[in-house]
Amino acid sequence: AAFHVKQAMKLTVAEILGVMALTVIAYIMWSIRLRVLMLFVVAVSLFGLVALHLICFLQVCKDKAKEAYFVRTLSFLK
């Protein structure tokens, strides 16, 4: 259970950092009047986030204690 708690915390940190970066990108796009492109970037990012959570959830349901690849590649989250 401790492994899954650590993974959830790592995913939450990665999600917060991703949302912060997405907010900055969206603000820049909004200010230079690229609103349609901004909506597309936000939609694709949210879809990717949902897909990442779904993959991790399915791995937990299959009882595979395996670190998510996305989290594994972020060296500062170790």
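Computed from heavy atoms alone, side chains included, the values below leave out hydrogens, waters and symmetry copies. In what follows, residues are counted from 1 in the order of the sequence shown.
Every residue meeting the side chain to side chain contact (heavy atoms under 4.5 Å, CB included) condition with L58, not counting sequence neighbours, appears here in chain and number order: L54. For L49, the side chain to side chain contact (heavy atoms under 4.5 Å, CB included) partners at least two apart in sequence or on another chain are E15, H53. Every residue meeting the side chain to side chain contact (heavy atoms under 4.5 Å, CB included) condition with T23, not counting sequence neighbours, appears here in chain and number order: V19. Partners of I55 under the side chain to side chain contact (heavy atoms under 4.5 Å, CB included) rule, at least two apart in sequence or in another chain, are Q59.
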Test side-chain contact (heavy atoms from CB on, under 4.5 Å) applied to V42 and I25, step by step = CA-CA 9 Å; V42 169; I25 291 169; over 6 Å; no
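Two different hydrophobic clusters hold M38 and Y27 under the rule that ILVMFWY side chains link at heavy-atom gaps under 4.5 Å. With hydrophobic clusters built from ILVMFWY side chains whose heavy atoms lie under 4.5 angstrom apart, L39 shares a cluster with M29.
Applying the side chain to side chain donor-acceptor pair (under 3.5 Å) rule to pairs touching residues 29-39 yields nothing, sequence neighbours excluded.
Taken from CG in L22 to CG in L46, the straight-line distance is 6.5 Å, to the nearest 0.5 Å.
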